[in-house]
Amino acid sequence: MARIVMKFGGTSVGNTDRIKNVARRVKAEVDAGNEVAVVVSAMSGTTNQLVTWTNEIARLHDAREYDVVVASGEQVTVGLLALALQDIGVNARSWLGWQIPFRTDGIHGKARIGEIDTTVMRERFAPTGDRGGQVAVVAGFQGIGPDNRITTLGRGGSDTSAVALAAALDADRCDIYTDVDGVYTTDPRITAKARKIDRITYEEMLELASQGAKVLQTRSVAMAMQHGVRVQVLSSFEDKPGTLVVDEGEIVEQQVVTGIAYSPDEAKVTLVGVPDRPGVAGAIFGSLADSAVNVDMIVQNVSQDGKSTDLTFTVGATDLDRAHQVLDGLKGELGFTDIVSDPGVCKISVVGVGMRSQPGVAKTMFQTLAEKGINIQVISTSEIKVSVLISADYTELAVRALHTAYGLDAEGDG
Ligand code: ADP
Ligand code: ASP
Ligand code: MG
C-alpha cells in the first residue's frame, strides 16, 4: 500500500466525460489498495474567463476580490469529481482550500503555502465499518490567508497545491496528470521533434519551469526539491510511463543540454542617457522592486564619455504599465533622458546540468541563431542555463533550430 497524491489539470477535467475518466483512474489506485488524495484544477478555459471578467470590471482591482472570483473554478471541479467517484462506488468527499485548511501568506494572487493541516484527511484514509477509506478531492490553486480570506497561488498553482499536499501527507508519490505524456525537450506544441525525457533533475526542471515551460509551476518544483517529493508528470489520457523528476545521482547518462524553454511574456525596457554615478541603479531597481515589478535580465553599457550610459532590462509583460509608471516618476530626479519599451520580445533558454562540465554551449547557441539571421538583444547565464532575448517573431524558428543544433530532435521525425 502506498499513499499517493494525484493531480489533474484543466484539460483533464475539461468536461463531464473527462471527469468520469479521472474518476476511473482514481478508482484504479484505490482498488490497488492505496490511500489517495486528488488535487484538481478548474476546467480548461475557466480561470482565463474569470480573470478576463475581473479585468473588465476593473483593471487595477482589489486583489482580495480577484482571488474570490478566480478561485471559484476549482470549486466546481472538486464537487463534480467527488460525485463521479461516489457514482462508481468510491467513498470520496470534496475539500476547498479553507476547509482543510491550506494556510498561506497574504499576498493575494501570488500567495505562498505555509502550513497544511492534514489531521482529518489522514484519519479518513483509514477504512471504517463496511466503508473503504475516503478519497480526499482537494481544490488546487487556493488557500486561506492570515486575514481569513481566500487566496490563490498564481497561475498554474494547482501543481504547487499537489506537491505541498504530498509533502504534508508524507506521500510516496505525487503524480501530475496533464495533456502531454511527460516533460519534453521543449514544448511539443512548438516542434513535433520534441522528445519525451524519462528522467529529469529537480534543478533542470526548476530552470525550465522558471524560464517558461509551463508543464509544472516553478514553485511546485522548488517545493518538491526541498521536501524530496517524488514527482511524476504523465498523461491523463494514455496509459504509459511519464517523466520522473529526480536527484542528479539517479540520472545515468547526462546530456549537455536537456531542454529548451521559451517565455513570450517578457518586455524590454531601455533607459536612455542614465547618469553614470553610484546609486543610480540602486534607485531604479529599488523603486521597481518596491512596486512588485520583477526585473529579470539586465545590461548596462559602458559609458563612452564617463557621464551617461544606457540601461536595458526585462520585466514581465503584465508588469510593463506599472514599470512605466515607476520610471516616469524617477525620470526628473535621476535625470535620464528617455524610456523606450518593447513588448515584442521572447526569452529563449537552454538548460542542462551537463553545462557545468562542458564548455561551448553558449557558442553553439550564438552561432545557430546567427546562421538563421536572428539578432540577440540581451544575454544572461547561470551555472546550468544560457538565455537570450530575441524578437518574438523568431520564437519558433529559434527553438526549432536550437533543438536540432543540440541534438535533441526525436529520431525518425520529419
Ligand atoms: P495542466 O492544465 O494539466 O496543468 P498546462 O497547460 O499547465 O496543463 O501544462 C501542460 C502544457 O505545457 C502542455 O500542453 C505543453 O504545451 C506545455 N509545455 C511547455 N513546455 C513543455 C515541456 N518542456 N514539456 C511538456 N509540456 C510543455
Ligand atoms: N486553474 C488555475 C489556472 O488556470 C490553476 C491551475 O490550473 O493550476 O491557473
Ligand atoms: Mg498547469
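Ligands are counted one by one from 1 in listed order, and the atoms in each one are counted from 1 as well. Numbers for residues simply follow the sequence, beginning at 1.
Atoms of ligand 1 lying under 4.0 Å from at least one heavy atom of A213, given by number and element, are 20 (N). Set against the non-hydrogen atoms of R189, the atoms of ligand 1 under 4.0 Å away are 13 (C), 14 (O), 15 (C), 16 (O). Atoms of ligand 2 found under 4.0 Å from any heavy atom of G156, numbered from 1 in the order shown, are 3 (C), 5 (C), 6 (C), 8 (O), 9 (O). Shown in contact with D179 at under 4.0 Å from a heavy atom are these atoms of ligand 1, numbered in order with element: 10 (C), 11 (C), 13 (C), 14 (O). Atoms of ligand 1 found under 4.0 Å from any heavy atom of T178, numbered from 1 in the order shown, are 1 (P), 3 (O), 8 (O), 10 (C).
Remark: minimum distance from atom 24 (N) of ligand 1 to any protein heavy atom is reached at Y184 N, 2.9 Å. Of the protein's non-hydrogen atoms, R155 NH2, 2.8 Å is the one closest to atom 4 (O) of ligand 2. Protein heavy atom nearest atom 27 (C) of ligand 1, with residue, atom name and distance: V215 CB, 3.7 Å. In terms of protein heavy atoms, atom 21 (C) of ligand 1 is closest to D187 CA, 3.7 Å. At the top of the distance list for atom 7 (O) of ligand 2, counting protein heavy atoms only, stands S41 OG, 3.3 Å.
Using a cutoff of 4.0 Å between basic side-chain nitrogens and carboxylate oxygens, D147 and R149 are not scored as salt-bridged.
By the criterion of a heavy-atom distance under 4.0 Å, neither the backbone nor the side chain of I176 is placed next to ligand 1. If you look at E74 next to ligand 2, the close heavy atoms, those under 4.0 Å, all belong to the side chain. The backbone and the side chain of S158 each have at least one atom closer than 4.0 Å to an atom of ligand 2 (non-hydrogen atoms only). At a heavy-atom distance under 4.0 Å, atoms from both the backbone and the side chain of K214 approach ligand 1. Under 4.0 angstrom from ligand 1, the non-hydrogen atoms of P188 all belong to its side chain.
A donor-acceptor distance shorter than 3.5 angstrom exists from the side chain of N15 to the backbone of D17, with no hydrogens or angles considered. A donor-acceptor contact shorter than 3.5 Å is absent between the side chain of N34 and the backbone of V36. The backbone N or O of A42 lies less than 3.5 Å from a partner atom in the side chain of E74, making a donor-acceptor pair. A donor-acceptor pair under 3.5 Å is formed between the side chain of Y406 and the backbone N or O of M365. R3 places a side-chain N or O within 3.5 Å of a backbone atom of L169 that can act as its donor or acceptor partner. Between the T152 side chain and the A71 main chain, no donor and acceptor come within less than 3.5 Å of each other.
In this structure, S12 has no heavy atom closer than 4.0 Å to ligand 1. Within the 4.0 Å heavy-atom cutoff, G157 counts among the residues contacting ligand 2. Under the 4.0 angstrom criterion for non-hydrogen atoms, G182 is in contact with ligand 1.
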Determine all donor-acceptor pairs shorter than 3.5 Å in which one atom belongs to a side chain in residues 7-14; sequence neighbours excluded.
| from | atom 1 | to | atom 2 | distance (Å) |
| --- | --- | --- | --- | --- |
| K7 | NZ | D159 | OD1 | 2.8 |
| T11 | OG1 | D179 | OD2 | 3.3 |
| S12 | OG | S236 | OG | 2.7 |

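Under 3.5 Å, the side chains of T309 and N301 contain no donor-acceptor pair of N or O atoms. Defined by atom type and a distance below 3.5 Å, a donor-acceptor pair is missing between the side-chain atoms of T151 and D67. With no hydrogens or angles considered, no side-chain donor-acceptor pair links S210 and T218 at under 3.5 Å. At a cut-off of 3.5 Å, with distance as the only test, no side-chain donor of S220 or Q217 sits close to an acceptor on the other residue.
Geometrically, ligand 1 and G10 share a nitrogen or oxygen pair separated by less than 3.5 Å. Residue K7 has at least one N or O atom closer than 3.5 Å to an N or O atom of ligand 1. For ligand 2, the polar-atom distance check finds an N/O of T47 within less than 3.5 Å of one of the ligand's N/O atoms.
With I260 as the fixed residue, the side chain to side chain contact (heavy atoms under 4.5 Å, CB included) test singles out one of D187, T185, V351, I348: I348.
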